[in-house]
Amino acid sequence: MKFELQSTTPLSKARAGKILTDHGEIQTPIFMPVGTIGSVKGVQFKDLKDDIKAQIILGNTYHLYLRPGTGIIEQAGGLHKFIGWDKPILTDSGGFQVFSLGDIRKITEEGAKFQSHIDGSRHMFTPENVIDIQRSIGADIMMAFDECTPGDADYSYALKSYELTQRWLERCFARYRETESKYGYHQSLFPIVQGCVYKDLRIKAAEKISELDCEGIAIGGLSVGEEEQVMYEMIEVVNNVIPENKPRYLMGVGTPVNLLEAIDRGVDMFDCVLPTRNGRNGMIYTRNGIINIKNNKWSTDFSPLEEEGTSQVDTHYSRAYLRHLFQSGEMLGPQLASIHNLAFFLWLVGEARKQILEGNFRKWKEKMVAQIGKRL
RNA sequence: GGGGAGAUACCAAAGUGGCCAACUGGGGCAGACUGUAAAUCUGCUGGCGUACGCCUUCGUAGGUUCGAAUCCUGCUCUCCCCA
């Protein structure tokens with residue numbers, strides 16, 4: 001994998017760049033649709049590619065390990081072949097699931113014991129087997145196994161958690177170095193900076209990780225309950241430490257406004273379930289603000305979903321019709337909303353990139369933030 | 001014409017003297033959702049008020065009672081069976 005920093009922009013730390021993988025190029029800043037179980041929920045790959053213009057998608061180690069299992073994925077020749085997606089894939093390590101599974105898991109030095117949310121069966125993730133599983137999946141970018149510290153953790157817990165993540169990180173990289181890709185193309189491994197909402201921990205983690213011979217760096221454990229301003233502050237703190245010549249990935253973030261604020265602070269990569277999950281639940285993000293398409297006020301609005309939208313659904317379907325689909329429980333509603341939202345997120349980062357390259361990012365961002373955060 | 005059953009909020013449907021402004025479901029109206037245990041979850045749904053509360057409701061008109069959606073009487077309407 002190669003990363004080329006193409007441009008920065010005045011008054012801002014925003015960057016435009018290119019990541020070159022064996023499955024093609026990724027232009028940053030980029031938003032990566034989440035396809036946890038090998039599917040971006042409700043969206044066909046054809047639409048993901050042609051309409052949404054996704055350049056890379058996510059998969060999830062935890063979910064794919066439970067179903068269909070690494071055996072089937074290996075037989076298929078890796079996840080790309082299994083799902084029919086020939087562009088880059090990034091897999092999350094399962095650290096977040098260990099966090100969100102709550103009381104059906106237990107964390108020890110060795111790793112995380114957990115019960116399947118599907119059938120209750122008992123399993124264990126270790127830094128080593130999480131790398132092995134991601135080798136079987138064949139992700140272009142693999143993530144280190146971390147503990148995603150809750151946003152409200154106290155200092156002593158956050159410290160212990162960060163130290164554990166750090167020890168796990170060394171084990172991840174050790175395993176990474178002693179294994180190789182199963183499918184003939186390169187796989188990268190990104191470490192994850194933890195440290196909760198404590199600046200000194202974030203700085204320490206960032207410093208340690210900066211010494212690593214890695215191809216990109218992720219910031220994790222944010223947007224998990226802390227205030228948005230705190231999240232922005234943590235991004236700044238970390239990005240001040242980590243090297244400029246590697247892509248920076250802010251995990252699990254966020255709203256359109258979050259994306260612009262984070263890009264402004266030097267983040268290159270994002271993933272989030274919001275465009276699909278909230279889309280399925282009737283929330284439509286647009287250039288002019290946020291629409292709850294289920295609201296009565298759209299029932300006779302026969303104008304296009306979004307006049308200036310980039311996806312085909314935007315100009316082809318009216319708001320009134322989309323509301324009708326949601327009211328009626330038709331699956332087409334959530335599908336169209338997901339396509340629209342993803343296309344909007346991809347447009348947003350693409351436009352940000354353009355503005356960075358032209359040197360106008362800051363001004364454009366200020367204008368957009370005021371617009372896209374509004375409730376319509 | 002004779003016999004029987006019933007009328008409860010937007011719809012369906014409980015409730016058969018006080019704990020009833022009225023169970024529950026649907027529908028409707030809002031809200032939540034950030035490395036997806038989520039096409040999920042939550043709240044509201046007679047009026048006014050943030051709230052203690054006040055006012056108007058259980059076909060309709062009266063009555064009994066300290067108190068009625070619930071008991072009694074008249075009326076109106078609906079459904080079923082027999083002719």
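Scope of the values below: all heavy atoms of this structure, side chains included, with no hydrogens, waters or symmetry mates. All chains are named by letter (A, B, ...) in the order of the sequence lines, taking the proteins before the strands, and each is independently numbered beginning at 1.
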(request) Compute whether any side-chain donor of one residue and acceptor of the other, for A/Ser121 and A/His123, lie under 3.5 angstrom apart. (result) yes

(message) With a 3.5 Å limit on both atom pairs, tell me what B/G46 is paired to, counting Watson-Crick and G-U wobble, or say none.
(response) B/C55

(message) What is the distance, to the nearest angstrom, from the CZ atom on A/Phe96 to the C1' atom on B/C33?
(response) 12 Å

(message) Closest approach to the side chain of A/Asn281, judged atom by atom: which nucleotide of B/A32, B/A38, B/G35 is it?
(response) B/A32

(request) Quick one: look up who B/G1 pairs with, Watson-Crick or G-U, both distances under 3.5 Å, and put none if it's unpaired. (result) B/C82

(request) Tell me, with the steps shown, if A/Arg171 and A/Glu110 meet salt bridge (Lys or Arg N to Asp or Glu O under 4.0 Å). (result) CA-CA 10 Å; A/Arg171 288 165 56 190; A/Glu110 175 62 10; 3.7 Å; yes

(message) Nearest to the A/Gln194 side chain among B/A39, B/G35, B/A37, which nucleotide is it?
(response) B/G35

(message) Please confirm whether the shortest side-chain N or O distance from A/Gln97 to OP1 or OP2 of B/A37 is below 4.0 Å.
(response) yes

(request) Tell which nucleotide pairs with B/C71, taking only Watson-Crick or G-U wobble pairs whose two distances are both under 3.5 angstrom. (result) B/G63

(message) Applying the Watson-Crick and G-U wobble criteria at under 3.5 Å, what pairs with B/A12? Answer none if nothing qualifies.
(response) B/U24

(message) Any side-chain N or O of A/Arg277 below 4.0 angstrom from OP1/OP2 of B/U34?
(response) yes

(message) Is there, by distance only and without an angle test, a donor paired with an acceptor across the side chain of A/Asn296 and the base of B/C29 below 3.5 Å?
(response) no

(message) Of the listed nucleotides (B/G35, B/U34, B/G31), which one gets closest to any side-chain atom of A/Asp271?
(response) B/G35

(message) Please confirm whether the shortest side-chain N or O distance from A/Arg323 to OP1 or OP2 of B/C29 is below 4.0 Å.
(response) yes

(message) Under 4.0 Å, heavy atoms only, any strand: does A/Glu226 hit a base, just the sugar-phosphate, or nothing?
(response) nothing

(message) Checking A/Asn278 against A/Tyr285: is there a side-chain donor and acceptor pair closer than 3.5 Å?
(response) yes

(request) Taking only the side-chain heavy atoms of A/Thr276 (C-beta and beyond), determine which of B/G35, B/U36, B/A37 contains the nearest atom. (result) B/U36

(message) Does A/Gln312, at its CD atom, have more than 12 non-hydrogen atoms belonging to other residues, nucleotides or ligands within less than 6.0 Å?
(response) no

(request) Side chain of A/Asn292 only, please: which of B/G31, B/A39, B/U34 is the nearest? (result) B/G31

(message) Let's see if you can work this out: which of B/G35, B/U34, B/G31 has an atom nearest to the side-chain heavy atoms of A/Lys294?
(response) B/G31

(request) Answer with yes or no whether the side chains of A/Gln166 and A/Glu170 bring together a donor and an acceptor at under 3.5 Å. (result) no

(request) On RNA chain B, check which nucleotide each of A/Lys297 and A/Asn60 is closest to and give me the residue with the more 5' one. (result) A/Lys297

(message) Closest approach to the side chain of A/Asn295, judged atom by atom: which nucleotide of B/C29, B/A30, B/G35 is it?
(response) B/A30

(request) For nucleotides B/C23 and B/G43, find the distance between their P atoms and express it as a whole number of Å. (result) 15 Å

(message) Base, sugar-phosphate or nothing for A/Ser100? Non-hydrogen atoms, less than 4.0 Å.
(response) base

(request) Quick one: look up who B/C41 pairs with, Watson-Crick or G-U, both distances under 3.5 Å, and put none if it's unpaired. (result) B/G31

(message) At less than 4.0 Å, is any side-chain N or O atom of A/Ser223 found next to OP1 or OP2 of B/U34? Yes or no.
(response) no

(request) Go through B/G35, B/A30, B/G28 for me and flag the one nearest to the A/Gln327 side chain. (result) B/G28

(message) How many whole angstroms separate atom CZ of A/Arg280 from atom P of B/A39?
(response) 5 Å

(message) Of the options B/U36, B/G31, B/U34, whose atoms approach the side-chain atoms of A/His63 most closely?
(response) B/U36

(message) Using 0.5 Å steps for rounding, measure from the OG1 atom of A/Thr310 to the CG atom of A/Leu346.
(response) 8.0 Å

(request) Assess whether atom NZ of A/Lys53 is packed by more than 12 heavy atoms of other residues, nucleotides or ligands within 6.0 Å. (result) yes

(request) Round to a whole Å and report the spacing from CG of A/Leu90 to P of B/U36. (result) 10 Å

(message) Go nucleotide by nucleotide along RNA chain B from the 5' end; which of A/Leu274 and A/Ile37 gets its closest nucleotide reached first?
(response) A/Leu274

